[in-house]
Amino acid sequence: MPISHLGHAELLVPNVEESTAFFTQIIGLQLTEKHDGQAYLRGWQDWDHSTLILTEAGEPGLGHLAWRVPTKADGDQLRAAVEERGISVSAIDGGSVVGHGDAYRFITPGGIPMELYWEVERFQARGAQVSRLKSHPNRVPLSACAPRRIDHCGILVADVQAEQEFLTDVLGIPHRYYVTGPDGKRWGSWLSATNVSHEISLVPAATGYFHHLAYHIDTPEMVLRAATILIDYGYELEWGPGKHGTSGGTYLYFREPSGNRVELWSDGMMIFAPDWEPLEWTPEIAEVGRSMWGEEYPESFSTGTQLAGSLVASS
Ligand SMILES: [Fe+2]
């Protein structure tokens, strides 16, 4: 399996200052660096330089979604597999990006701007951020709902099954569970290269959209606390707090100030078996799968922000 894990997401934000302040002051992400209309952030136990890049742009959306592979040879192997499907792949010079080395970028058949990279810059804490605990890349933040790490990304695509098959068959990302609709069509698919329940989810829409980026926080109680914090500071909740039956994850969805949907998420199942067979959620149980506790599904969830691929170079 050449892909190691989901590494980072670049979100496009019309107001980089406001979005950066929201993610750091309200949510509790850690700022690594900020310059030239970009901010680089991470959860407090994300080991890499950054897991979220905010890039100033006219419209909100996903700039790219990046996956780490172990070596350049693995990247080359995946590049060839992607090109074999008739998709052009751009080579990115590591000197032109922050936080990682050379990379390949391409747009999936469903419109997702993907990146593969193999060398990464580790986060280095400085000054009062330095923890004496070797397991802490920086001290535990004092904020009440500070995420520990990046978790997953959600995408709306026109053809869920075709996109899942591309991600699994070409990129090698295992399929974990899926929802079949009353029409017999695929209504959703969840995939992960690691043992978390999913690192990417696919649900259907007329056209491709970025749906959400999720960060993991330690306990369901912290998800409830986050809901209170968001309301107290004047933000709206979009869906939740609630519990997905499919993964068992406790969820809370809301929009950051530039309009991108964000999820805070806790607990949920993990997968260890190398011979895992994807679980099918059939129509009679799909509602419980979506929301175990019966939280009403918001109409607004059928859309998202753009899948932009802003940084896909022509080189
Ligand atoms: Fe990147």
Side-chain angles (χ1 to χ4, degrees), residues 1-10 20 22-34 39-54 65-71 74 94 97-101 115-153 173-174 176 192-200 213-226 229 247-252 262-274 276:
M1 188 197 309
I3 286 186
S4 301
H5 63 88
L6 175 67
H8 56 271
E10 180 201 22
T20 304
F22 175 79
F23 278 113
T24 54
Q25 293 167 22
I26 304 295
I27 302 303
L29 289 184
Q30 311 294 296
L31 180 69
T32 307
E33 59 180 282
K34 182 168 171 287
Y40 295 82
L41 304 112
R42 44 181 279 287
W44 69 266
Q45 208 172 39
D46 279 328
W47 293 92
D48 295 346
H49 172 277
S50 44
T51 52
L52 171 60
I53 305 166
L54 300 176
L65 188 64
W67 303 78
R68 190 169 181 197
V69 295
T71 64
D74 295 307
V97 294
V98 174
H100 62 84
E115 177 179 76
L116 305 171
Y117 66 101
W118 41 95
E119 286 171 352
V120 71
E121 185 183 326
R122 279 285 190 101
F123 171 75
Q124 289 293 331
R126 290 193 178 81
Q129 274 190 313
V130 176
S131 171
R132 63 187 179 138
L133 301 172
K134 296 298 179 191
S135 51
H136 289 190
N138 63 260
R139 278 177 156 163
V140 176
L142 298 176
S143 49
C145 62
R148 187 181 284 264
R149 58 173 175 79
I150 191 172
D151 195 272
H152 65 265
C153 187
I173 305 174
R176 302 310 199 176
S192 62
T194 68
N195 59 12
V196 300
S197 68
H198 63 290
E199 292 179 290
I200 183 166
L213 176 66
Y215 271 83
H216 188 273
I217 54 180
D218 288 353
T219 67
E221 292 75 16
M222 285 175 73
V223 177
L224 303 184
R225 185 71 166 168
I229 290 168
S247 59
T250 308
Y251 62 79
L252 174 66
V262 178
E263 178 185 12
L264 291 178
W265 149 286
S266 188
D267 64 323
M269 71 173 179
M270 305 201 87
I271 295 166
F272 299 93
W276 179 265

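Worth saying up front: this structure is predicted, and the values here are computed from it rather than measured. Throughout, numbering of the chain's residues begins at 1 and tracks the sequence.
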So, do [X] and [Y] sit near enough that their side-chain heavy atoms are less than 4.5 Å apart?
{"X": "Ser50", "Y": "Leu41", "result": "no"}
{"X": "Ile200", "Y": "Leu65", "result": "yes"}
{"X": "Ile26", "Y": "Ile229", "result": "yes"}
{"X": "Val223", "Y": "Tyr251", "result": "no"}
{"X": "Arg122", "Y": "Asp48", "result": "yes"}

Open item on the list: Does Leu142, at its CG atom, have more than 12 non-hydrogen atoms belonging to other residues, nucleotides or ligands within less than 6.0 Å?
Closed with: no
Task: Within 6.0 Å of CZ in Arg225, more than 12 heavy atoms from elsewhere - done: no
Task: Parallel, tilted or perpendicular: ring planes of Tyr117 versus His100, cut at 30 and 60 degrees - done: tilted
TODO: Ignoring hydrogens and angles, state whether a donor on the side chain of Ser192 or Arg176 is under 3.5 Å from an acceptor on the partner side chain.
DONE: yes
Open item on the list: Hydrogens and angles aside, do Arg148 and Gln45 bring a side-chain donor and acceptor to less than 3.5 Å of each other?
Closed with: yes
Give, for atom [atom1] of [X] and atom [atom2] of [Y], the distance between the pair rounded to the nearest 0.5 Å.
{"X": "Asp46", "Y": "Tyr215", "atom1": "CG", "atom2": "OH", "value": "5.5 Å"}
{"X": "Asn138", "Y": "Trp47", "atom1": "CG", "atom2": "CH2", "value": "9.5 Å"}
{"X": "Leu264", "Y": "Thr250", "atom1": "CG", "atom2": "OG1", "value": "11.5 Å"}
{"X": "Arg68", "Y": "His8", "atom1": "CZ", "atom2": "NE2", "value": "11.5 Å"}
{"X": "Glu263", "Y": "Ile217", "atom1": "CD", "atom2": "CD1", "value": "10.0 Å"}
{"X": "His198", "Y": "Ile271", "atom1": "NE2", "atom2": "CD1", "value": "10.0 Å"}

